[in-house]
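Proteins get letters first, then strands, A, B, ... in listed order; numbering begins at 1 in each. Computed over heavy atoms, backbone and side chain alike; hydrogens, waters and symmetry mates excluded.
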There are 2 protein chains.
Amino acid sequence: MTAALDGSGASTALAGQDAPPPSRHPALLGEAPVRIAAVGVPDFAEVPRTGGAEVTALDWRPPAAGAPDLAWRLAELTGHPAVEAANQEAVSRLLAVRPVWTRVLPAREAIGALDDRTSGRRLLLHAGPPIAWPDMCGPMRAGVIGAALLEGWAETPEAAQHLADSGALEFEPCHHHEAVGPMGGIVSPSMPVLEVEDAASGRRAYSNLNEGAGRCLRYGALGADVMERLRWMGEVLAPALSAALRARGEGVDLRAITAQALQMGDECHSRNTAASALLLRELAAELSTGEHARAVLRFLADNHYWFLNFSMAAAKLATSAAHGVPHSTLVTTFARNGVEVGIRVAGLGDSWFTAPATQVRGLYFAGYGPEDANPDIGDSAITETYGLGGFSLAAAPAITGFVGGTVEEALATSREMARISLARHEAYRLPALGGVGAPVGIDVRAVLDTGIAPVVTTGISHRKPGIGQIGAGLTHAPLECFRKALAATEVPPFATGFAGALADPAGGVGAGSAGGAGAGSAGGARAGSAAATAVGRATGPSADLPSDTSAGPARGTGADSAAGRDTGPSPDLPSDTSTGPAMSTGADSATDTAVGAAKRTGTEAATGPSAGSATRTSTGSAPGSAR
Amino acid sequence: MTAALDGSGASTALAGQDAPPPSRHPALLGEAPVRIAAVGVPDFAEVPRTGGAEVTALDWRPPAAGAPDLAWRLAELTGHPAVEAANQEAVSRLLAVRPVWTRVLPAREAIGALDDRTSGRRLLLHAGPPIAWPDMCGPMRAGVIGAALLEGWAETPEAAQHLADSGALEFEPCHHHEAVGPMGGIVSPSMPVLEVEDAASGRRAYSNLNEGAGRCLRYGALGADVMERLRWMGEVLAPALSAALRARGEGVDLRAITAQALQMGDECHSRNTAASALLLRELAAELSTGEHARAVLRFLADNHYWFLNFSMAAAKLATSAAHGVPHSTLVTTFARNGVEVGIRVAGLGDSWFTAPATQVRGLYFAGYGPEDANPDIGDSAITETYGLGGFSLAAAPAITGFVGGTVEEALATSREMARISLARHEAYRLPALGGVGAPVGIDVRAVLDTGIAPVVTTGISHRKPGIGQIGAGLTHAPLECFRKALAATEVPPFATGFAGALADPAGGVGAGSAGGAGAGSAGGARAGSAAATAVGRATGPSADLPSDTSAGPARGTGADSAAGRDTGPSPDLPSDTSTGPAMSTGADSATDTAVGAAKRTGTEAATGPSAGSATRTSTGSAPGSAR
């Protein structure tokens, strides 16, 4: 079926121009087998089907969810040389980061705003985009109460709540301070944080330490057991880790551990079993010399999520390095506070683009169900912006049951995420997909072009404060965040001065030629035709469909991408697993995509940002004036 | 192509009896597409090919390598109720073992024969089948010299060699003392050994401790560094481990660690990275209290092969439990001394069945090549008899490059080994094959019926003493071992008294009916026709071909098995990865195979030991008098 979408046959049938003459169409339909892919409105499939053709209806969705103004903006930004260059720069910066765990220290010593010794502020950091105390969800409120108790600001939970109600506490996102925290993500001044550093740039990022499984403050659990563990972590665990790191004499290379863990069944968000064991192994010898060595090592040995906060801090470090590149559409933050999901984009400064938090589809502990679940919460989705978590789900077949789903679905998820990603990570590789690099660097344009929302693997908190984790599963970032980000993205001026013509939305739908150097775009063209029927003959396996082994972002443009998305790879297609690791190309080359230019036609023009990802010869002319 | 081999079409064409009348053949050849599989002698393919048919020549090999007497013996043993019952008993015993690491102690305290305090003997244990000093290969001789130095029996390597030359040292296989040692496998009285125990039976097995990578005695390296490490292992490491185990208060469940490690990229023979980290994690807290904790934990953290010897001891414990079941054809030992490979079989007592050691196909360290390599050596192939190593190669895509090969070949290897195995392990599962159990329990009959030799992943020693490891790779057990074992296997008497007729080989080839209750056998029939041409129409995907998800041994019988073996699974066949772990059946049900009976025809009779593995309706009659 996908084969029907290849090459000039399809575009000819649609556009009726160039290459084979129109007179060929009746002959095509008269020969068997004729296979047709109908894209978009389901009724479009019925006409050829009643004519005897084999028709597959594709669940294609128009770009930017069909909003004409946004679709036009998307068209303008797709293939735009300034945006392409900016994204290449941003993702290169992200990939260049080498996260090394260097220190463990109290948050007040690591994060200036939390230094209550001088400021007198009672500031707490929290997960996700900004939110005020009255708006916080149950598990985050529990985190605030626990933190106030830990800091000695209140003696009882009731007193802590009263303190918060009185307005005496301040709240800011972790992300505003180069920090990240899973679930509620509450970080208070005395809590220990881990520091990761990129030696080349001197850049640093932070996360709190993972409490383990069971009843944890981050999930909104409260009680003497929770508070006792938090105190022990500050008084015993953190000093032991700090001393061990000093004794080791050098930091711990988190990139190396992450790369290994992906070969060992982890996706480094919702499964950290291997990475946690490897991290323990790294520091076990040095930890053994401490006074509380046995308790510390027992705690670490029993905590299979220990690495999560390291994974998050590393991801924060890398994505922060990509932030601030003008015109880049790379997503540098994806975080949830339990009420809203927010993203930030490399070229859009400090703005958050938010939408209501989603429900998580997953499995629940005995006695709990979806009605008990808090919506999606936590900064841990930063791992997805770094190519881990759901983007590397193919690496973690063992958690497919845990988060609900099959191994095949896990592979398909990683393939799908590649279609909205700018690059593949050269060190983080997916063994089940033949060693191809993890898809990394979410592109706002690709999300809206394909309608594919970034996936996230995550835990599920009870909606009420004080209870804790009740399950785990999968969810997706709301497309609304991306639509808002797109709306805020200005189209950079073109070097050749044709920007004026491009900025005119009236030239849009079916205009035949919007001209404009470097502005070739499938997105805009697709918005112009809300549905199309592609006709072609079955020609056997199509070798030029998007493959995971292609160096560039594996997202197709136009109808082809819709086909690839909804039907999955054909068994005849080149398989991910048939290529060894040596055949995968590194991330550096992955960003080396063609920045071409194509003249748009009314319905189809398919010169995407990557020559490797375009599956069809453009029917438009390539003026070649882009550079 | 495999589809051409299904059902009655093939056997009809061959035997010309039953079902569709012979007159149908010309019509078949007159229709397109006609696809023919020619099995055996390549020239057989030419006749139909010149007639215009699409012919695939299969590299089919006759059972028992074409030796008529052995083929007849194989036919008698295949499907024999006493053998089937014995194998079910043996593999059930194997699978019931729960290996737990309980102690670390000097070999002289664990193994009675090594107690030189009372015997005055200078006995050393070695890998593989029995071998005398003058016959030993270079790396094993180096091990002997190192052990003599370690025990203080000699002051210099020259003196140690002189001592051995003088006949003052005794040598016995590790396997004769419930012990195993990798590579040279030399175990001397003062060396520490680890003990694994099966609580239910009280059974115990032993292995020496792993020295790590680099220059090691087990690979035949000699020198001050090697000796210093060995002494440290006895004086510091072993007491530390012993104390930690006591402090822990309970043993370490090696079955649980193995099961996890298979989900984390290990096959627990040539890759033990995950298992070693998990084992370190288990004992890190208790190890931290010791005087030399830092050095011990550093050694363990740096030794990615640490778990190998535990894997071997667990495998030895399990296979020993299966040994001694009369009439069982299950392989309980597979070991190499660097000169010979030997196997032992559950129903054949203490006899070794040997053949010259093979060369290992693999990758070499820089500066070395096949001409430097010692032939296959070590007791570590015991892991393959336990379903690990090469049998679980699908679990370890990361080592495919290391041992030479692709990920696809690794998957195919595990599938192929399932065809010579009696069961699947209920706890050891292969994530890349949809969570199906590791194939476990090598059946001598299946090896000879299919011609598939058991694979082994292994390290490569330099042939000269004193150098050490120079590479790693894959090799196979020589079929000669299995032929000798088969020749030594007596056919059990049949309950109904028809054994006399069966024991007469003259009734063999093309006899049409050899009768005999319970003696239905494809093997004998296949031996009678050294080659056959199977004709059938392509009928699309065949759903009843052997699948990894079938509960029983996935080896087919007759021509079908040859097709499956040599062409690999068709992409249209049910895929391993399409079935989740929940669909795999446990090892217990895997041995619950049908013990049927079929009347043999001249060329084809396909009632195998497993209803699930036979892909064709028998053309013979089933007298049904077997029980």
Heavy-atom pair with the smallest gap, counting every atom of Met264(A) and Arg271(B): CG-NH2, 3.3 Å
Heavy-atom pair of closest approach, residues Arg294(B) and Ala247(A): NH2-O, 3.6 Å
Among Asp302(B), Leu280(B), Leu297(B), residue most engaged with chain A (heavy-atom pairs, under 4.5 Å): Leu297(B)
Side chain / backbone / both / neither for His304(A) at chain B, heavy atoms under 4.5 Å: side chain
Segment of Thr273(A) engaging chain B (4.5 angstrom heavy-atom cut-off): both
Top of Gly265(A), Ala285(A), Ala284(A) for chain B proximity - count of heavy-atom pairs under 4.5 angstrom: Ala285(A)
Audit row: Arg298(A), Arg281(B), side chain to side chain contact (heavy atoms under 4.5 Å, CB included) steps and yes/no: CA-CA 8 Å; Arg298(A) 176 52 55 205; Arg281(B) 187 182 73 177; over 6 Å; no
